[in-house]
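Here's the structure, in structure tokens; my notes come after.
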There are 2 protein chains.
Amino acid sequence: MARPVEFDEDKVLTYAMEQFWREGYEASSVQKLLDCTGINRGTLYNSFGDKDTFFKSCIDQYNKVVDTQIAATLENSKLGPWEAIEAYLDETVLNVTNKRRSMGCLLVNSVCESINYDKEMRKVVRGSLSTMRKGLLARLNEAHKNRKVKKGVSAEFAAEVLMNSLHGIRVNSRDGKTPKQLKELIKFNVASLKK
Amino acid sequence: MARPVEFDEDKVLTYAMEQFWREGYEASSVQKLLDCTGINRGTLYNSFGDKDTFFKSCIDQYNKVVDTQIAATLENSKLGPWEAIEAYLDETVLNVTNKRRSMGCLLVNSVCESINYDKEMRKVVRGSLSTMRKGLLARLNEAHKNRKVKKGVSAEFAAEVLMNSLHGIRVNSRDGKTPKQLKELIKFNVASLKK
DNA sequence: AAACTTTTGGAGCGCGCATTGTAGTACAGC
DNA sequence: GCTGTACTACAATGCGCGCTCCAAAAGTTT
């Protein structure tokens, strides 16, 4: 009936996501987004809406990556709870450092930009972070039942400790720390929770 | 000889610092800076230079606050090493949450904005973070000598663990966590290092 | 009072921003 | 071939940006 869509939506979202990830929301002009995605101005506005909407779609794209990682690690039934958790943490370290430049985490970066004072954005970003927390918590509950969590530490609190540690490495990676250094930090924090 | 300066430089820098702190560099327009400081456009450019220079001065202002906190806690000779470290961490929790809105840490926020790709800014921000690390390290060396650090953990590594934990709570505070929750996280992390 | 310096308030610069609109063109089904 | 949709490219809009400049007012010194 009509001419088919030419651009690859997934690729466009991925390239734009990386732009926002690298430079943040405010510093990512529409022109930069056009340059990095290769699409036309009209196409952007017709197919993705305005900059705010586009940004939210990019956050969703980021969440897809996160969800994939969680599925492969935390929700991997072949792994025991701590194994799964450690796999996820290692995956996260790779994720925050694997680009040419260390870019940290799009969600954390966004929380630290003024973006989080916009009510809707805040909601989206917080929602995504809570997905990670829930994934960790599920495994920590399992570990807790098996008495594999240090005495006196609840699964909920352990999840908070890990989230805090993860936030830390997300910042640290942006500050130039190597994957090796980050992994050692994570390892130490895990050891302090594990029985 | 001439008309004296009317504005209070310290107050201007403090108000501007809080603006950058709240909304980040990119989202803080010169107009917003004029509004929150109360000074005139001409005054800003005559007395503080352009936006970049002004921002750096605000970072310096922030560092003054940090230095004061470090002097009162980490460098307080009346306190033992761990006492001093805990006092500093508590002070930091207050610092990241004491404003009406939790604003986290100006330095960490800046690292997470695109700002850190500007070479000079990056240097300034990293320099400040390294001041904190050095303060912690001095006390941890002391604790290490007194065999008050957990076996197998070097003072350097302990400093990294604490810095990472601090980065975490700086992000967490921006995400709405209460001082109480943050203190518990810190407490747990300290306990894992202390002997 | 005169000389001098700084503040003030505002006008104005050029530029880039996000966004809209308008052509012309390419590709599908009828 | 016709119709309908999606593409490209670019002009144009209006706005806010960082920044400069100027004339008038204000305070301090001589």
Side-chain angles (χ1 to χ4, degrees), chain A residues 1-59 110 113-115 117-121 124, chain B residues 1-59 61 110 113-121 124:
Chain A
M1 189 123 118
R3 182 177 174 178
V5 175
E6 269 193 6
F7 63 87
D8 181 336
E9 185 174 332
D10 206 65
K11 277 189 183 171
V12 168
L13 286 173
T14 300
Y15 291 143
M17 172 192 82
E18 285 173 357
Q19 168 62 37
F20 282 125
W21 195 351
R22 232 179 305 122
E23 304 198 26
Y25 177 84
E26 297 287 347
S28 293
S29 66
V30 170
Q31 189 55 53
K32 282 185 183 173
L33 294 168
L34 299 180
D35 292 345
C36 74
T37 57
I39 60 172
N40 183 273
R41 199 172 220 88
T43 309
L44 200 167
Y45 281 93
N46 284 333
S47 306
F48 297 97
D50 63 10
K51 194 187 166 185
D52 273 31
T53 311
F54 192 38
F55 177 72
K56 281 171 203 155
S57 303
C58 290
I59 295 274
S110 301
E113 248 201 284
S114 65
I115 241 46
Y117 292 126
D118 178 303
K119 218 175 169 185
E120 250 218 277
M121 300 251 188
V124 175
Chain B
M1 189 125 120
R3 183 177 175 177
V5 175
E6 268 194 6
F7 62 87
D8 181 335
E9 185 175 333
D10 207 65
K11 277 189 183 173
V12 167
L13 286 173
T14 300
Y15 291 144
M17 173 193 80
E18 285 172 358
Q19 169 62 36
F20 282 125
W21 196 352
R22 230 179 307 122
E23 305 199 24
Y25 177 84
E26 296 286 346
S28 294
S29 66
V30 171
Q31 189 55 54
K32 281 184 185 174
L33 294 168
L34 300 181
D35 292 346
C36 74
T37 56
I39 59 171
N40 183 273
R41 200 173 218 85
T43 309
L44 200 167
Y45 281 93
N46 284 334
S47 307
F48 298 97
D50 64 10
K51 194 187 167 186
D52 274 29
T53 310
F54 193 37
F55 177 72
K56 282 171 203 155
S57 303
C58 291
I59 296 274
Q61 186 72 6
S110 301
E113 247 201 284
S114 65
I115 241 44
N116 70 331
Y117 291 125
D118 176 304
K119 218 175 169 184
E120 250 218 278
M121 300 252 189
V124 175

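In what follows, chains are A, B, ... by sequence order, proteins preceding strands, each numbered from 1. These values consider heavy atoms only, across backbone and side chains, with no hydrogens, waters or symmetry-generated copies.
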Check whether any side-chain N or O of A:E113 sits under 3.5 Å from a backbone N or O of A:G24 as a donor-acceptor pair, and report yes or no. no
Rounded distance in Å - CG (B:L34) to P (D:dC19): 11 Å
What residues form a side chain to side chain contact (heavy atoms under 4.5 Å, CB included) with B:N46, not counting sequence neighbours? none
For DNA chain D, determine which residues of residues 38-54 of chain B have any heavy atom closer than 4.0 angstrom to one of its atoms, and list them numerically. B:R41, B:Y45, B:D50, B:K51
To the nearest angstrom, the CZ-P distance between A:F55 and C:dT19 comes to 14 Å
For A:K51 and A:F20, the nearest pair of non-hydrogen atoms, with its separation, is CE-CE2, 4.3 Å
Partners of A:S57 by side chain to side chain contact (heavy atoms under 4.5 Å, CB included), sequence neighbours excluded? A:L13
Can you tell if the side chain of B:V12 reaches within under 4.5 Å of the side chain of B:E9, non-hydrogen atoms only? no
Rounded distance in Å - CG (A:D35) to C1' (C:dA18): 15 Å
Any residue of residues 24-31 of chain A with a heavy atom less than 4.0 Å from an atom of DNA chain D: none
Measure the shortest side-chain to side-chain distance between B:D52 and B:M121 over non-hydrogen atoms and say whether it is less than 4.5 angstrom. yes
Selection residues 23-33 of chain A - residue pairs positive for salt bridge (Lys or Arg N to Asp or Glu O under 4.0 Å), sequence neighbours left out: A:E23-A:K32
Contacts of B:F54 meeting ring pair (Phe, Tyr, Trp, His ring centres under 6.0 Å) (sequence neighbours excluded), chain-then-number -> B:F48
